[in-house]
Amino acid sequence: MTNPTASSPVGSLPPDLSGAVASTSDASSRGIEAPRAPRRRVRTGSNFEMYSWLFMRLSGIVLVVLVLGHLLIMNVLDGGVHRINWGFVAGRWASPFWQIWDLAMLWLAELHGANGLRVIINDYSRRPGTRFWLQVLLAVSVVLTVGLGSFVIFTFDPSMGS
Amino acid sequence: MSQTVESRGSVTVPPPRRGSVYRGDAGMWSWVAHRITGVLTFFFLFNHVLDTSLVRVSPESYNEIIELYKNPFVNLMEVGLVGAVLYHALNGIRIMLIDFWSKGPKYQRLMLWIELGVWFVVMVPGVYFMMERTVRVMFGGAE
């Protein structure tokens, strides 16, 4: 190849600039870039993994309050699990505050947990087929749990007990 | 020198390691525990949404399933769940401090010991209040 600029990733730059950059990666430099050469951008297509990383931290800090509060009320305070029955749940969901609390906890915990499991599946599954089907199974379980849980919170009927 | 080295011309090559290659420290074990507690909690959550959904079916079916949680063995598993979730929460706070606080990486090991200390201090009264009634009834006490 006579013209190194033709196959260069910076071919869209103005001729003077692209010539200068391309000269750092032609055959004589053996692929070693000149000191302080501009770093080439790696195109990944999306920032999904960065947003996933950020989501784990943002949802995590909210879940610390929602989940530890839930565990404290349901398992530790005032007799813990022994006082829980249908009437206890009905009494709590009579208040929109606890409905919103539980709904937010359900959605955040499911998405936080599913994203964690997605990473774990990607880390440990060895064959693409295994990975694909485990991810499908995970997605189905999330849709089922979030859907069913939200449906129950929104359509709960307190008069059922009387 | 503690390791034998093989010389190939001017290049010194250390011998290949056998067995466990990655020799992580406390940081690795805290990461392993974070994964395990996270997965356990996720599976519990799946189950928990299904059992709570019975409130929509009938008061009787919900009360029947919640009785299961008052069984001594299941009560002990709840203590395990609370311990796992508490570890995951505290270690998550530590991860956020490592990521976002400029001195986080420097103090990550100290923060792990603080985290385990807090875990222990919270779990002692937690276990007491969660198990007190179960143990009392087991030894013939009043309900």
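A, B, ... follow the sequence lines: proteins, then strands. Residue 1 opens every chain. Predicted, not measured: the structure shown is a model, and the values here were computed from it.
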S.K.: At a heavy-atom separation under 4.5 Å, does Val76(A) approach chain B through its side chain, its backbone, both, or neither?
M.R.: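 Contact with chain B is through both the backbone and side chain of Val76(A).
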
S.K.: Please classify the contact of Leu138(A) with chain B as side chain, backbone, both or neither, using a heavy-atom distance under 4.5 Å.
M.R.: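 Just its side chain gets close to chain B.
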
S.K.: Between chain B and each of Gly87(A), Ala114(A), Gly60(A), count heavy-atom pairs under 4.5 Å; write down the option with the most.
M.R.: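 Looking at each of Gly87(A), Ala114(A), Gly60(A) in turn, Ala114(A) comes out on top.
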
S.K.: List the atom pairs, donor and acceptor, that lie under 3.5 Å between side-chain atoms in residues 100-109 of chain B and the rest of the protein, sequence neighbours left out.
M.R.:
| residue | atom | partner | partner atom | Å |
| --- | --- | --- | --- | --- |
| Gln108(B) | OE1 | Arg94(B) | NH2 | 2.8 |
| Arg109(B) | NH1 | Asp25(B) | OD2 | 2.8 |
| Arg109(B) | NH2 | Asp25(B) | OD2 | 2.6 |

S.K.: Nearest 0.5 Å please: distance from the CG atom of Asn115(A) over to the CH2 atom of Trp53(A).
M.R.: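 The CG atom of Asn115(A) sits 13.0 Å away from the CH2 atom of Trp53(A).
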
S.K.: So that I can tick it off, tell me whether Arg118(A) and Glu49(A) are bridged by a salt bridge, with the cut-off set at under 4.0 angstrom between side-chain N and carboxylate O.
M.R.: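 Yes, Glu49(A) and Arg118(A) are salt-bridged.
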
S.K.: Can you see whether Ser125(A) engages Trp133(A) through a side-chain donor-acceptor pair at a distance of less than 3.5 angstrom?
M.R.: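 No, Trp133(A) and Ser125(A) have no side-chain donor paired with an acceptor closer than 3.5 Å.
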
S.K.: Check whether Ile61(A) gets within reach of chain B through its side chain, its backbone, both or neither, counting any heavy atom under 4.5 Å.
M.R.: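 Both backbone and side chain of Ile61(A) come within 4.5 Å of chain B.
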
S.K.: Between CH2 of Trp119(B) and CG of Leu116(B), what distance do you get to the nearest 0.5 Å?
M.R.: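 Output value for this atom pair is 8.5 Å.
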
S.K.: Given the options Glu110(A), Met160(A), His82(A), which has more heavy-atom pairs under 4.5 Å with chain B than any of the others?
M.R.: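 The candidate making the most pairs under 4.5 Å is His82(A).
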
S.K.: Find the one option among Leu71(A), Leu63(A), Asn75(A) whose heavy-atom pairs under 4.5 Å with chain B are most numerous.
M.R.: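 It is Asn75(A).
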
S.K.: Given heavy-atom pairs under 4.5 angstrom as the criterion, report whether the side chain, backbone, both or neither of Leu117(A) touches chain B.
M.R.: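 When you check distances to chain B, only side chain atoms of Leu117(A) fall under 4.5 Å.
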
S.K.: Would Ile73(A) and Trp98(A) satisfy side chain to side chain contact (heavy atoms under 4.5 Å, CB included), going step by step from the backbone distance to the final call?
M.R.: CA-CA 12 Å; Ile73(A) 294 167; Trp98(A) 293 116; 3.5 Å; yes

S.K.: Nearest heavy-atom pair of Leu54(B) and Ser61(B): which atoms, and what distance?
M.R.: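 Reported closest heavy-atom pair: O-OG, 3.7 Å.
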
S.K.: Answer yes or no: does atom CH2 of Trp93(A) have more than 12 heavy-atom neighbours from other residues, nucleotides or ligands under 6.0 Å?
M.R.: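 Result for CH2/Trp93(A): enclosed.
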
S.K.: Measure Val57(B) against the heavy atoms of chain A and call it side chain, backbone, both or neither at under 4.5 Å.
M.R.: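 Backbone of Val57(B) only, per the 4.5 Å heavy-atom cut-off to chain A.
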
S.K.: Mind ranking Val119(A), Asp157(A), Val146(A), Asp123(A) by heavy-atom pairs under 4.5 Å with chain B and telling me who comes out on top?
M.R.: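 Heavy-atom pairs under 4.5 Å are most numerous for Asp123(A).
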
S.K.: What part of Phe46(B) gets closer than 4.5 Å to chain A, counting heavy atoms only: side chain, backbone, both or neither?
M.R.: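 Both parts, heavy atoms under 4.5 Å.
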
S.K.: Under a 4.5 Å heavy-atom cutoff, which of Val81(A), Leu106(A), Val64(A) has the most pairs with chain B?
M.R.: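 Top count of heavy-atom pairs under 4.5 Å with chain B: Val81(A).
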
S.K.: Start with the C-alpha distance between Ile95(B) and Met56(A), add both sets of side-chain angles, then the distance that settles side chain to side chain contact (heavy atoms under 4.5 Å, CB included), and finish with yes or no.
M.R.: CA-CA 11 Å; Ile95(B) 291 172; Met56(A) 291 310 262; over 6 Å; no

S.K.: Please identify, among Ala89(B), Gly92(B), Pro59(B), Ser53(B), the residue contributing the most non-hydrogen atom pairs under 4.5 Å to chain A.
M.R.: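 Ranked by heavy-atom pairs under 4.5 Å with chain A, first place is Pro59(B).
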
S.K.: So which of Val79(B), Ile65(B), Leu45(B) has the largest heavy-atom pair count under 4.5 angstrom toward chain A?
M.R.: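 Among the listed options, the one with the most contacts to chain A is Leu45(B).
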
S.K.: On the 0 to 90° scale, with breaks at 30° and 60°, tag the His48(B)-Phe44(B) ring pair as parallel, tilted or perpendicular.
M.R.: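 Rings of His48(B) and Phe44(B): parallel, as their planes differ by under 30°.
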
S.K.: Check whether Val89(A) gets within reach of chain B through its side chain, its backbone, both or neither, counting any heavy atom under 4.5 Å.
M.R.: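 Interface part for Val89(A): side chain.
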
S.K.: Just give me the residue among Lys70(B), Glu78(B), Glu60(B) that pairs up with chain A most often, heavy atom to heavy atom, under 4.5 Å.
M.R.: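 Between Lys70(B), Glu78(B), Glu60(B), the count favours Lys70(B).
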
S.K.: For Ile93(B), is it the side chain, the backbone, both or neither that has a heavy atom under 4.5 Å from a heavy atom of chain A?
M.R.: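 For Ile93(B), side-chain heavy atoms alone lie under 4.5 Å from chain A.
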
